[in-house]
Amino acid sequence: MNAEGLESFREFVDNRSSALLRTAVLLCGGDQHAGEDLLQNALVKAAGKWQRIDEPEAYVRRILYRQQVSRWRLKWRRREVSVPEPPEAGAAGADAAAAAELRVVMREALARLTSRQRTVLVLRYFEDLPEADVARLLGCTVGTVRSTTHRSLARLRSLAPELAALGPAGAEWQPSCDYSSVEVRP
């Protein structure tokens, strides 16, 4: 890599590494160290082809997703369960405490999902990718993405029923539209 390419790579890493790290940590179930390793490996792979990359962030994200898919396919399973550290002390107010509790509960629940389930949820809801893009990235069909998303959300709800209790007091789900005037015909 020439000096100009090296400088542009360093600038990219300085500007985008924090956002990429958040995605990597989520893909790893909240494990900060595994997320750092995942991102570092993706950046090493991107550095080798830096001169030929048109859209660097999309390219690095694609590497992150594919590396995570490769991790699921390994036969060796980790026996150790990583638990993220509690949030920083000093968060002021009840809203900050509730938000911190929500993050901890969500991370613990995500960590208990399989890698595949966690990756599909991160791509669909954190990265806000359409099902077709998720299917293309993961090398599966849109139907597989839909069914995995459905099963993952159901499992997440069963693993962390307390997530519903963290919402506003007495709040229940209400439809976004009024369906009372809709006539259903056989």
Side-chain angles (χ1 to χ4, degrees), residues 9 12-50 53-88 99-160 163 166:
F9 180 73
F12 170 77
V13 171
D14 288 342
N15 293 333
R16 299 305 305 154
S17 63
S18 62
L20 292 168
L21 180 59
R22 282 192 300 271
T23 301
V25 169
L26 283 171
L27 288 170
C28 294
D31 185 345
Q32 181 77 22
H33 299 294
E36 290 170 355
D37 290 344
L38 184 66
L39 178 59
Q40 185 175 15
N41 290 336
L43 290 173
V44 167
K45 288 182 178 185
K49 298 183 180 184
W50 189 251
I53 299 174
D54 294 329
E55 296 180 33
E57 184 158 355
Y59 187 82
V60 172
R61 286 182 184 276
R62 194 174 315 117
I63 293 171
L64 286 173
Y65 308 145
R66 289 183 176 169
Q67 281 185 304
Q68 187 62 23
V69 168
S70 295
R71 284 183 179 192
W72 323 326
R73 292 180 178 154
L74 291 176
K75 291 183 181 180
W76 178 76
R77 296 272 188 199
R78 288 177 36 186
R79 293 183 182 152
E80 180 180 329
V81 176
S82 299
V83 179
E85 295 185 20
E88 301 81 22
E101 184 179 347
L102 175 63
R103 283 193 307 273
V104 170
V105 169
M106 183 61 78
R107 279 190 180 161
E108 288 174 354
L110 282 172
R112 292 175 17 202
L113 293 176
T114 66
S115 294
R116 183 178 188 95
Q117 290 173 327
R118 187 172 44 251
T119 301
V120 168
L121 290 180
V122 167
L123 292 175
R124 284 287 291 130
Y125 298 108
F126 182 75
E127 292 292 322
D128 199 25
L129 293 177
E131 291 169 340
D133 290 350
V134 174
R136 185 180 41 76
L137 282 169
L138 300 180
C140 61
T141 65
V142 173
T144 301
V145 171
R146 287 179 183 158
S147 63
T148 304
T149 302
H150 176 75
R151 286 188 204 112
S152 303
L153 288 173
R155 181 142 188 257
L156 192 63
R157 287 183 192 108
S158 71
L159 289 173
L163 290 176
L166 292 176

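Small disclaimer: the values here were computed from a predicted structure and weren't measured. When a residue number appears, it is its place in the shown sequence, counting from 1.
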Non-hydrogen atoms of Val105 and Ala160 that approach each other most closely: CG1-CB, 4.0 Å
So, using side-chain hydrogen bond (donor to acceptor under 3.5 Å, both in side chains) as the criterion, who are the partners of Arg16 when residues are at least two apart? Glu57
Could you list the donor-acceptor pairs under 3.5 angstrom formed between side-chain atoms of residues 18-26 and any protein atom two or more places apart in sequence or on another chain?
residue : atom : partner : partner atom : Å
Thr23   : OG1  : Ala19   : O            : 3.4
Thr23   : OG1  : Arg61   : NH1          : 3.0
Thr23   : OG1  : Glu127  : OE2          : 2.6

Correct closest heavy-atom pair for Leu156 and Met106 would be CD2-SD, 4.1 Å
In terms of heavy-atom contacts, Gln67 and Leu38 come closest through OE1-O, 3.2 Å
Working to the nearest 0.5 Å, report the span between CZ of Phe126 and CG of Leu110. 11.0 Å
Step by step, would you call Arg151 with Arg155 a side-chain contact (heavy atoms from CB on, under 4.5 Å)? CA-CA 6 Å; Arg151 286 188 204 112; Arg155 181 142 188 257; over 6 Å; no
How many angstroms lie between CG in Leu39 and CG in Leu43, if you round to the nearest 0.5 Å? 4.5 Å
Beyond-backbone contact of Phe9 with Asp14, side-chain heavy atoms, under 4.5 angstrom: no
Residue pair Gly30 / Arg107: nearest heavy atoms and the distance that separates them: CA-CD, 4.3 Å
Can a donor-acceptor pair be found between the side chains of Glu36 and Gln40 at a distance below 3.5 Å? no
Just by distance, do the side chain of Arg124 and the backbone of Thr119 share a donor-acceptor pair under 3.5 Å? no
Please give me the minimum heavy-atom distance between Leu137 and Arg62, naming the atom from each residue. CD2-CG, 3.6 Å
Search all heavy atoms of Gly29 against all heavy atoms of Ala111 and return the closest pair with its distance. O-CB, 3.4 Å
I need the Tyr65 OH to Ser70 OG distance, nearest 0.5 Å. 15.0 Å
Between Val60 and Phe12, does the side-chain contact (heavy atoms from CB on, under 4.5 Å) criterion hold? Intermediate values first, please. CA-CA 11 Å; Val60 172; Phe12 170 77; 3.9 Å; yes
Residues forming a side-chain hydrogen bond (donor to acceptor under 3.5 Å, both in side chains) with Arg146, sequence neighbours excluded: Glu131
Thr144: partners by side chain to side chain contact (heavy atoms under 4.5 Å, CB included), with sequence neighbours left out: Arg116, Cys140, Thr141, Thr148
Looking at residues at least two apart in the chain, or sitting in another chain, which of them share a side chain to side chain contact (heavy atoms under 4.5 Å, CB included) with Pro130? Asp133
Please check: side-chain N/O of Arg118 versus main-chain N/O of Leu113, any donor-acceptor pairing under 3.5 Å? yes
Would you please name every residue forming a ring-ring contact (aromatic ring centres under 6.0 Å, His included) with Tyr59, sequence neighbours left out? none
